[in-house]
Amino acid sequence: MPLVLYNTLSRKKEEFVPLKDGRVGMYVCGITAYDSCHLGHARAAIVFDVIVRYLRYKGYDVTYVRNYTDVDDKIINRANRDGVSCREISERYIKEYEDDMGALGVAMPDIAPRATEHIPEMIEAVEKLIEKGFAYESNGSVYFSVRKFPGYGKLSGKNIEELESGARVEVDETKKDPLDFALWKASKPGEPKWPSPWGEGRPGWHIECSAMSAKYLGQPFDIHGGGRDLVFPHHENEIAQAEGACGCQFVRYWLHNGFININAEKMSKSLGNIKAIGEIREIFDPEVVRYFILSSHYRSPIDYTEENINNAERALVGFYTTYEQIVIAGSSAHRPFALSLSKGEQDLLNKIQSLKNHFEEAMDDDFNTAGAVGSVFEVMNELSGYVAARKKNWTDATKDICAAFVDAVSKISPVLGFFGADPAGFRERNKRFGVKRYGLDVPKIGSLINERAEARGHKNFARADEIRKELNAMKVELNDRPDGTTEWFVRS
RNA sequence: GGCGGCGUACCCAAGUGGUAAGGGAGCGGUCUGCAAAACCGUUAUGCACCGGUUCGAAUCCGGUCGCCGCCUCCA
């Protein structure tokens, strides 16, 4: 089955054909390390994490590069504000980012290059652009001459005239044309700087990605990804630089993920509605966050609201609750499908065995994770009905069928990064997040449950129900087990 | 103003020509002291609206309305 993906460059879905058979070079714009990262960064990281995992699942040998911008105006500002070095700032936030992403189950890329460690490569790239007439030096800075590059605007669908008319008043007198962008910036006092043929300075933002991607992946390479907002000007400029310098194609497929809104508003510092990962990961299970993000298509916008993420949590809890019974039944299977199955059982088994195909069909269609998740639930629905109808009187066929489902899920879950936990373990873990989220007083819950047990013992059901109501109001749900004990969980 | 995207049930969300996946929530039932969970059943004659193409449209075309993004740093 061919993999089809939406290429921003052509604005169409295209069949994915790697340059080298069986190998994929992929570069994704990471973060500028000047502040804590938020849900939007997490979405980008998670989405491309899944894309890489799926490419590997398909058997590709993937080289995944994700950079860190560790020299930039924002970092300098932050360093000045905090009275520390730029390096300290970037190190701090890179570390935090890696910690956050690790918590969300995002695997590290194969290569995570930093801009400051590739200054010679960038200088070389700038020199080449000057040599070829695409760039010019001015007062110790170097600019890319946008009008010299004929394909400018092909990624973002803009044309130079429109950009010109929409351009803001340029304060920078050193540029020949307001559309030109900096490849190399002459350093001001107190800024990080490196020697260069144009005097001491630092690289512009865009040049790092073209220089580092070329170094690690060559030119052209297969996939370049990032958030939608990077299409213009960042990726447009990368194309201009890279293609200007080498005279060849830069990237074959451009992939861009959609944004996360908060209560239908764009996340922004000025609105004060940033959802930091540090905040989210304290109160939601990482699998819930992944599920929430991946239950929409990667290019669609996602609206983060309490209701929506709770909805995701309930869905995932629901999955594990049902799945647990299936796992238990399946774990006692002792032989593989040697039995005679009824017609209905055979149909069910066939559906389970085609789950993998449905998953691949969905994923092959521009990484449709939402569709993939749907197909898992669809089959599980039918299976859970079948299992429940047999109570605990599982036949060998029941066990084998359950084992087949567990096996199918185990193929899928490593790609998605959820559905793969031990169900009981997930339940416990998720409960701890619920306790934290709602600030529950666990000892108090325990004593109320004891009190209720006592009341029930005396057949004082009025009091028992009163206590249950009290607990319900605290988001605590009770489950009286047949053995007389009571289990509690958090209702989201 | 220019460019692009979106509008599917109470909420979320798949579905790009063959008669509306899935999840959450709700409702009815089985079970239970009562609940919860689980299971069974149920909730869009219709996919913003109006036209058109077609045997057939949520899907294609034209128009209208509404929402959003980018055009400046941004995942």
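Numbers restart at 1 for each chain; the letters A, B, ... are given by sequence-line order, proteins then strands.
With a 3.5 Å ceiling on both atom-pair distances, the Watson-Crick or G-U wobble partner of B/A48 is B/U64. Across all strands shown, the partner of B/C39 is B/G29, judged by Watson-Crick or G-U wobble contacts whose two distances both fall under 3.5 Å. A 3.5 Å limit on both hydrogen-bonding distances identifies no Watson-Crick or G-U partner for B/C74. Under the Watson-Crick and G-U wobble criteria, each requiring two contacts below 3.5 Å, nucleotide B/A57 is left unpaired. Remark: B/C3 base-pairs with B/G69; criterion is Watson-Crick or G-U wobble with both hydrogen-bond distances under 3.5 Å.
Comparing the P positions of B/A21 and B/A58 gives a spacing of 13 Å, expressed to the nearest Å. Distance check on atom P: B/C31 versus B/G17 gives 48 Å, rounded to whole Å. A gap of 31 Å separates the C1' atoms of B/C65 and B/G23, to the nearest Å. Taking atom C1' in both B/U54 and B/U59, one finds a spacing of 13 Å when rounded to whole Å. For B/G63 and B/A25, the P atoms lie 43 Å apart once the distance is rounded to whole Å. Here the separation of B/A57 from B/C49, taken at their C1' atoms, is 16 Å to the nearest Å. Annotation: B/U8 and B/C50 have their P atoms spaced 16 Å apart (nearest Å). A gap of 14 Å separates the C1' atoms of B/G22 and B/A9, to the nearest Å.
A salt bridge is defined here as a Lys NZ or Arg NE, NH1 or NH2 lying under 4.0 Å from an Asp or Glu carboxylate O, and A/Lys185 with A/Asp73 meets this definition. Between A/Lys95 and A/Glu98, none of the side-chain N atoms (NZ, or NE/NH1/NH2) sits under 4.0 Å from a carboxylate O, so this pair counts as no salt bridge. The pair A/Asp480-A/Arg452 meets the salt-bridge criterion, since a charged nitrogen lies less than 4.0 angstrom from a carboxylate oxygen.
Where A/Lys266 and A/Ser156 each meet RNA chain B at their nearest nucleotide, the meeting point lying more 5' is that of A/Ser156. Comparing A/Phe232 and A/Cys29 against RNA chain B, the residue whose closest nucleotide sits nearer the 5' end is A/Phe232.
Using cut-offs of 30° and 60° on the angle between ring planes, the pair A/Phe181 and A/Phe144 is parallel. Taking the six-membered ring for Trp and thresholds of 30 and 60 degrees, A/His235 and A/Trp254 have ring planes inclined between 30 and 60 degrees apart.
One can place CD of A/Glu265 at 14 Å from P of B/C67, the figure rounded to the nearest angstrom. Atoms CG (A/Leu383) and P (B/C40) sit 11 Å apart, rounded to a whole Å. The interatomic distance linking A/Leu9 (CG) with B/G4 (P) rounds to 15 Å, in whole Å. Whole-Å rounding puts the A/Phe181 CZ to B/U72 P distance at 14 Å. A/His256 has its NE2 atom 12 Å from the P atom of B/C74, to the nearest Å. Taking atom CD1 of A/Ile76 as the reference point, atom P of B/C73 lies 15 Å away to the nearest angstrom. A/Ile160 has its CD1 atom 15 Å from the C1' atom of B/G2, to the nearest Å. Following rounding to the nearest Å, A/Asn159 (CG) and B/C70 (C1') show an atom-to-atom distance of 15 Å.
Listed by chain and number, the residues in a side-chain contact (heavy atoms from CB on, under 4.5 Å) with A/Val415 are A/Val50, A/Arg53, A/Tyr54, A/Tyr57, A/Phe359, A/Met363 (sequence neighbours excluded). Applying the side-chain contact (heavy atoms from CB on, under 4.5 Å) criterion to A/Thr485, with sequence neighbours excluded, gives A/Arg481, A/Asp483.
No cation-pi contact links A/Lys431 to A/Phe489, judged by a cut-off of 6.0 Å to the six-membered ring centre and 45° from its axis. The side-chain tip of A/Arg299 points at the ring of A/Tyr6 from less than 6.0 angstrom away and within 45° of straight on. Remark: A/Lys158 qualifies as a cation-pi partner of A/Phe232 under the 6.0 Å distance and 45° angle criteria applied to the six-membered ring.
The listed nucleotides are B/A75, B/G23, B/A25; the one nearest the side chain of A/Tyr291 is B/G23. Side chain of A/Asp365, nearest nucleotide from B/G15, B/A25, B/G23: B/G15. The side chain of A/Asn311 lies closest to B/G24 when the candidates are B/A13, B/G22, B/G24.
Within the structure, a side-chain polar atom (N or O) of A/Asn381 is placed less than 4.0 Å from OP1 or OP2 of B/G23. OP1 or OP2 of B/U16 has not a single side-chain nitrogen or oxygen of A/Lys13 nearer than 4.0 Å.
Aromatic pair A/Phe250/A/Phe221: ring centres closer than 6.0 Å.
Two residues are said to be in side-chain contact when any heavy atoms from C-beta on lie closer than 4.5 Å; A/Tyr291 and A/Leu416 fail this criterion.
Using a 4.0 Å heavy-atom cutoff across all strands shown, A/Asn368 reaches sugar-phosphate atoms only and no base atom. Nucleic acid contact class of A/Leu316 (heavy atoms, under 4.0 Å, all strands): none. Base contact: A/Gly374 has a heavy atom under 4.0 Å from a base atom. Here A/Lys74 lies in heavy-atom contact (under 4.0 Å) with sugar-phosphate atoms only.
Side-chain contact, A/Asp229 with A/His234: no donor N or O sits under 3.5 Å from an acceptor N or O. Looking at A/Glu208 and A/Tyr68, their side chains never bring a donor and an acceptor atom within 3.5 Å of each other.
Sorted by residue number, the members of residues 295-309 of chain A with any non-hydrogen atom under 4.0 Å from RNA chain B read A/Ser295, A/Ser296, A/His297, A/Ser300, A/Glu307, A/Asn308. Against RNA chain B, the stretch residues 423-435 of chain A makes no heavy-atom approach under 4.0 Å.
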- Message: Each nucleotide in nucleotides 33-38 of chain B should get exactly one letter: B, S or -. Can you fill that in based on protein heavy atoms under 4.0 Å?
- Response: BBBBS-
Under 3.5 Å, sequence neighbours excluded: what are the donor-acceptor pairs made by side chains of residues 32-40 of chain A?
| unit_1 | atom_1 | unit_2 | atom_2 | d |
| --- | --- | --- | --- | --- |
| A/Asp35 | OD1 | A/Arg78 | NH1 | 3.4 |
| A/Asp35 | OD2 | A/Lys269 | NZ | 2.7 |
| A/Ser36 | OG | A/Glu96 | OE2 | 2.6 |

